Amino acid sequence: DMMVGLVFVFIILLIYFALQYQQKSKALSDAGEARTQMLLDIRDDIKRRNPELKVIVNEKTGVLHLPAEILFAKGDTELSAGGTQAVVTVAQSLAAVLPCYTYPRRTRNCRPTAHGVDAIFIEGHTDSDPLQGSWIIKGNLELSALRATNTFRTMIQNVAELDKLGNRSGRPVLSVSGYGEARPIDPGQDEAAKANNRRIDLRFLMEAPQDEDLARILVPASGNTNP
């Protein structure tokens, strides 16, 4: 009888952990789908505002790529006139879409979702060509960080509401990082590859699902017909 009882307890624990795994797997999958849809909505809004502005969405990594040639002259940290206009357009599209995924949460004209954004990193990336440094810019790492910082500053100076968007904990979602040439997306060494690697990336991280979200995802409320 004791052995039967232990087996029964083991089965109960196994079912419990299986349900936990199912909840978390579904939550992560749904969060990935929500991020993809959010990125596509941002891309489509950018295209609507400026059909000439080409941005690239990587659905797998959750990144929106902005090619550097539309933003900066080679070796420069300041946005060009066209680059400023492009960044402002991107900022306007972020302001249009992100409130559906940040806090305080907007529900009007938003896709139904239990998932939100935890952080958005504005990342600067350069090619592998050595940069002749100055007393301010000592190399590609500083160049990438200053470009990311100036992109961030241009965004919030022209679209102030972006600076008010927070995650579930109330912290701002926008932040800045620079990687120099350390994270290429094109392994080639020709000029086309280098042009691909010179870029500003917007990397979107979704918040970790909370326990109440897991329960709601696994057992939807009665009468809820949202996908």
Side-chain angles (χ1 to χ4, degrees), residues 31-74 76-102 109-111 113 115 117-127 143-163 165 173-181 183-188 191-206:
E33 292 177 2
R35 182 177 68 178
T36 294
Q37 188 59 65
M38 174 180 62
L39 283 167
L40 295 178
D41 286 344
I42 293 170
R43 184 197 63 187
D44 291 346
D45 193 83
I46 292 171
K47 185 176 181 180
R48 179 181 63 80
R49 295 174 188 271
N50 183 357
E52 302 301 317
L53 177 55
K54 306 300 182 184
V55 299
I56 302 170
V57 168
N58 188 320
E59 299 180 21
K60 182 178 180 180
T61 60
V63 170
L64 185 75
H65 298 291
L66 300 174
E69 62 263 23
I70 67 174
L71 305 178
F72 303 95
K74 188 173 175 62
D76 201 352
T77 64
E78 298 296 328
L79 287 160
S80 65
T84 297
Q85 183 179 2
V87 167
V88 171
T89 298
V90 172
Q92 291 169 337
S93 295
L94 292 176
V97 176
L98 285 181
C100 296
Y101 301 89
T102 54
N109 298 327
C110 292
R111 301 176 186 275
T113 180
H115 301 283
V117 170
D118 183 62
I120 303 170
F121 296 106
I122 301 173
E123 301 177 345
H125 300 269
T126 69
D127 60 29
L143 175 64
S144 65
L146 286 170
R147 284 180 168 180
T149 300
N150 287 334
T151 299
F152 167 79
R153 184 177 290 118
T154 299
M155 283 183 172
I156 62 174
Q157 285 178 346
N158 288 274
V159 186
E161 54 265 39
L162 280 182
D163 203 29
L165 300 179
V173 296
L174 288 177
S175 60
V176 172
S177 56
Y179 294 99
E181 71 273 20
R183 297 190 177 186
I185 57 174
D186 192 325
E191 288 305 315
K194 291 177 181 180
N196 288 335
N197 291 327
R198 294 192 298 268
R199 67 198 191 277
I200 292 290
D201 282 351
L202 273 63
R203 187 177 302 275
F204 294 76
L205 301 183
M206 304 301 283

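Computation of the quantities below employed the complete heavy-atom set of this structure, encompassing side-chain atoms and omitting hydrogens, waters and symmetry-equivalent molecules. Fair warning: this is a prediction, and the values are worked out from it, not measured in the lab.
The shortest heavy-atom contact between R147 and A68 is NH1-CB, 4.3 Å. Between A95 and V159, the closest heavy-atom pair is CB-CG1, 3.6 Å. Residue L79 comes nearest to N150 through the heavy atom pair CD1-O, 4.0 Å, listed as atom of the first residue, atom of the second, then distance. The shortest heavy-atom contact between T154 and N158 is O-ND2, 2.8 Å. Contact record, H65 with V63: CE1-CG1, 3.5 Å, taken as the closest heavy-atom pair. When every heavy atom of G83 is checked against every heavy atom of S80, the shortest pair comes out as N-OG, 2.9 Å.
Annotation: the span from T36 atom OG1 to K60 atom NZ amounts to 12.0 Å, rounded to 0.5 Å. Atom OG of residue S144 and atom NE2 of residue H125 lie 8.0 Å apart, to the nearest 0.5 angstrom. Within the model, atoms CD of E59 and CD of Q37 stand 9.0 Å from one another, a figure rounded to the nearest 0.5 Å. The CZ atom of F204 lies 12.5 Å from the CG atom of N58; values are rounded to the nearest 0.5 Å. In this structure, CD1 in I56 is found 13.0 Å from CG in L39, a value given to the nearest 0.5 Å. Note that CG of L71 is 6.5 Å distant from CD1 of I200, once rounded to the nearest 0.5 Å.
In this structure, M206 and V117 have side chains that are in contact, with non-hydrogen atoms separated by less than 4.5 Å. Contact of the T126 side chain with the F72 side chain is not registered, since no non-hydrogen atoms from C-beta on lie closer than 4.5 Å. Looking at D201 and T61, their side chains never come closer than 4.5 Å, going by heavy atoms from C-beta outward. Using a 4.5 Å heavy-atom threshold, the side chains of V173 and Y101 count as separate. By the 4.5 Å heavy-atom criterion applied to side chains, M38 and T113 are not counted as neighbours. Residues L94 and L202 meet the side-chain proximity criterion, which asks for heavy atoms closer than 4.5 Å. The shortest side-chain heavy-atom distance between R48 and D45 falls under the 4.5 Å cut-off. Under the 4.5 Å side-chain criterion, counting only non-hydrogen atoms from C-beta, V55 is not in contact with I42.
The only member of K194, R183, R198 that meets salt bridge (Lys or Arg N to Asp or Glu O under 4.0 Å) when paired with D127 is R198. In summary, of the residues considered (V90, V88, T89), a side-chain contact (heavy atoms from CB on, under 4.5 Å) with R49 occurs for T89 alone.
Side-chain N or O atoms of D186 include none that pairs as donor or acceptor with a backbone N or O of N197 at under 3.5 Å. Within the 3.5 Å criterion, the main-chain N or O of T151 finds no donor-acceptor partner in the side chain of R153. Judged purely by atom type and a 3.5 angstrom limit, S177 has no side-chain atom pairing as donor or acceptor with the backbone of E123. Side-chain N or O atoms of R203 include none that pairs as donor or acceptor with a backbone N or O of A119 at under 3.5 Å.
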